[in-house]
Amino acid sequence: MAAAAPERPPPVLSRDRLAADTLVAARAILGARLVRDPGDGAAERRVGRIVEVEAYIGEGDRASHARMGPTPRNRVMFGPAGIAYVYLVYGMHHCLNVVTGPDGYPAAVLLRSAVPVDGAPSMRTARLERAMASRRADRDDPAAAAARLAGVPDARLALGPARLAAAFGVERRHDGIDLLDPSSPIRLEPGAADDLAGSVEATPRIGVDYAGPEWASRPWRFVLVPEADRSGGAERAR
DNA sequence: CAAGCGATTGGCT
DNA sequence: GCCAATCGCTTGT
């Protein structure tokens, strides 16, 4: 294999690293693996390589759920680093964050996209189950829902924050679990050398126009771009 | 208690 | 490009 480009130093996925600086933590999470053990109907171990994340930093960040101070929904954002913050958006989609920053300071990294490394069939099944659970149209026409999912290439099963959460079966009940605990059913693990290949692009965060131009334009979205794709303009991981 | 609104996605024009 | 889906959380009366 041609190691043409200089490789980034392996990101350290320690709690200390996640607790220090959220922008550094976001880059450390890129290329790491999201792992879900078999269970809850899934026979396979699911593993994904994280390729897109966003940082939300402090109560002053007008795009962050922490902007109103601690509330029942966002309370884990104010806790220690490495914990999962899971919320429901638009009444149907779950999103998974890794809490970052010092204990007491509200910050998190939203996991926006992952590429399957193992267990893609289980991810597909979980996507379908989630669709059936949350969309009346899919309950009314299960065949159409199944056909839609059948047409999704493996590589796209976990692209997008709600698709990532659905592929890994993440739900609100996982809010507060420790993603750095090896005994957690869902957790982060260091990426293999190949997982880390590529370069990091920073762009504005997606879907946060409500925060106003100053905050919406901050380049706090990070995408791990394969070297082969570096030719053109800004990449979309989806 | 009422009401407005999403850190998104999928379907349709 | 536009828009509906769908409901928990937050705020205001």
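So you know, we letter chains A, B, ... as the sequences are listed, proteins then strands, and number each from 1.
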Whole-Å distance separating the CD atom of A:Glu171 from the C1' atom of C:dC7 | 15 Å
Could you tell me which nucleotide pairs with B:dA7 by Watson-Crick or G-U wobble geometry, both distances under 3.5 Å, or answer none if nothing does?
-> none
Does A:His93 put a side-chain nitrogen or oxygen below 4.0 Å from OP1 or OP2 of B:dT9?
-> no
Give the rounded distance in Å between these two atoms: CG of A:Leu159 and P of B:dT9.
-> 10 Å
Atom-to-atom span, CZ of A:Arg135 to C1' of C:dC7 - whole angstrom = 15 Å
Distance below 4.0 Å between A:Arg75 side-chain N/O and C:dC9 OP1 or OP2 = no
Write down the distance between CD (A:Glu54) and P (B:dG6), rounded to a whole number of angstrom.
-> 16 Å
Separation of A:Arg156 atom CZ from B:dG10 atom C1', in whole Å?
-> 13 Å
Is A:Arg127 near enough to B:dT9 that one of its side-chain N or O atoms lies under 4.0 angstrom from OP1 or OP2?
-> no
Looking only at atom types and distance, does a side-chain atom of A:Asp154 sit under 3.5 Å from a main-chain N or O of A:Ala120, one as donor and one as acceptor?
-> no
Which sits closer to the 5' end of DNA chain B, A:Asn97 or A:Ala144, going by the nucleotide each is nearest to?
-> A:Asn97
Would you tell me whether A:Ser14 and A:Asp16 have side-chain atoms, one donor and one acceptor, within less than 3.5 Å of each other?
-> no
Using the six-membered ring for Trp and the full ring for Phe, Tyr or His, decide whether A:Tyr90 stacks on the six-membered base ring of B:dG6 (centres under 5.5 Å, planes under 30°).
-> no
For A:Gly91 and for A:Arg73, locate the closest nucleotide of DNA chain C by heavy-atom distance; then report the residue assigned to the nucleotide nearer the 5' terminus.
-> A:Gly91
Winner on side-chain proximity to A:Leu110, out of C:dC9, B:dG10, B:dA7, is B:dA7
Could you please name the option among C:dT11, B:dG10, B:dA7 that lies closest to any side-chain atom of A:Met68?
-> C:dT11
Which listed nucleotide (B:dG10, B:dA7, C:dG8) is nearest to the side chain of A:Leu88?
-> C:dG8
Mind checking the C1' distance from C:dG1 to B:dA7? Whole angstroms is fine.
-> 22 Å
Is the closest side-chain heavy-atom distance between A:Asn74 and A:Tyr87 below 4.5 Å?
-> no
Determine the contact category for A:Ala63: base if any of its heavy atoms lies under 4.0 Å from a base atom, sugar-phosphate if only primed atoms, P, OP1 or OP2 are that close, otherwise nothing.
-> base
Would you call A:Arg15 and A:Asp178 a salt bridge, taking side-chain N to carboxylate O under 4.0 Å as the test?
-> yes
Taking atom P in both C:dT6 and B:dA2, compute the distance separating them and give it to the nearest angstrom.
-> 23 Å
Nearest listed nucleotide, side chain of A:Pro72, among C:dT10, C:dG8, B:dT8 | C:dT10
With the side chain defined as heavy atoms from C-beta on, A:Tyr56 is closest, among C:dC9, B:dA7, C:dA5, to B:dA7
Would you mind reading off the distance between A:Arg173 atom CZ and C:dG8 atom P, rounded to a whole angstrom?
-> 17 Å
Between B:dG4 atom C1' and A:Tyr210 atom OH, what is the distance in whole Å?
-> 15 Å
Within less than 4.0 Å of OP1 or OP2 of B:dA7, is there a side-chain N or O belonging to A:Arg221?
-> no
For A:Arg205, report the nucleic acid contact type (base, sugar-phosphate, nothing); a contact means any heavy atom under 4.0 Å.
-> nothing
Listed nucleotide nearest any side-chain atom of A:Arg172, set B:dG10, C:dG8, B:dT8 | C:dG8
Rounded distance in Å - OH (A:Tyr87) to C1' (C:dT10) | 16 Å
When you check the gap from the basic side-chain N to the acidic O, do A:Glu54 and A:Arg112 get nearer than 4.0 Å?
-> yes
Please determine if A:Asp61 and A:Arg218 form a salt bridge, counting it only when a charged side-chain N lies under 4.0 Å from a carboxylate O.
-> no
